[in-house]
Amino acid sequence: MDESVTGLDVRYFNIPPENIVLLKSILESYDELGTIRTIDKLRGDIAILSLPDLKSTLDGLLNSIQDELKLTPREAPTNLGPDWFLQEI
């Protein structure tokens, strides 16, 4: 996804699949802080989309839970199309 077109900050992570729902619940408890999108539910590849203005707040939250949830930053997958976040999983 081209962040310059969408205006969103997009970050990619790997997380144990069993922790995806917990991470989603945590993000949803912070109104409009970020949206999680699952790229590969079996491998635990996810993306978190947020507004650039919320980057530091989101960073603080992710840093505080990354060890407990085993959240690992990763590079953007190269096989994603321009509208991957709208596709059905």
Exercise for the section: Would you give the length of the straight line joining atom CD1 of Ile15 to atom CD1 of Ile36, rounded to the nearest 0.5 angstrom? Expected result: 6.0 Å
Completion exercise
When every non-hydrogen atom of Gly44 is compared with those of Ile20, the smallest separation belongs to CA-CD1, 4.2 Å
Practice task
Please round to the nearest 0.5 Å and tell me the distance separating atom CG of Leu54 and atom OH of Tyr30.
Solution key: 13.0 Å
Handout entry: Salt-bridge contact Asp9-Arg11 (side-chain N to carboxylate O under 4.0 Å)
Key = yes
Completion exercise
Closest non-hydrogen atoms of Asn19 and Glu68, given as atom of the first, atom of the second and distance, are ND2-O, 4.5 Å
Problem - Heavy atoms of other groups near Glu18 CD, more than 12 under 6.0 Å - result: yes
Problem - Nearest-0.5 Å distance, CZ of residue Arg74 to OG1 of residue Thr72 - result: 10.5 Å
Handout entry: Main-chain N/O of Thr38 paired with Asp45 side-chain donor or acceptor, under 3.5 Å
Key = no
Handout entry: Backbone N/O of Asp59 and side chain of Asn63: donor-acceptor pair under 3.5 Å
Key = yes
Practice task
Compare all side-chain heavy atoms of Pro77 with those of Tyr12 and state whether any distance is below 4.5 angstrom.
Solution key: yes
Problem - Any side-chain heavy-atom pair of Lys70 and Pro16 under 4.5 Å - result: yes
Handout entry: Heavy-atom side-chain contact between Leu62 and Phe13 under 4.5 Å
Key = yes
Problem - Residue pair Leu61 / Leu27, side-chain heavy-atom distance below 4.5 Å - result: yes
Problem - Side-chain touch Ile46/Leu23, heavy atoms, less than 4.5 angstrom - result: yes
Practice task
Please name the pair of heavy atoms, one in Ser50 and one in Leu33, separated by the smallest distance, quoted to 0.1 Å.
Solution key: CB-O, 3.2 Å
Exercise for the section: Taking the side chain as every heavy atom from C-beta outward, state whether Ile48 and Leu58 have any atom pair closer than 4.5 Å. Expected result: yes
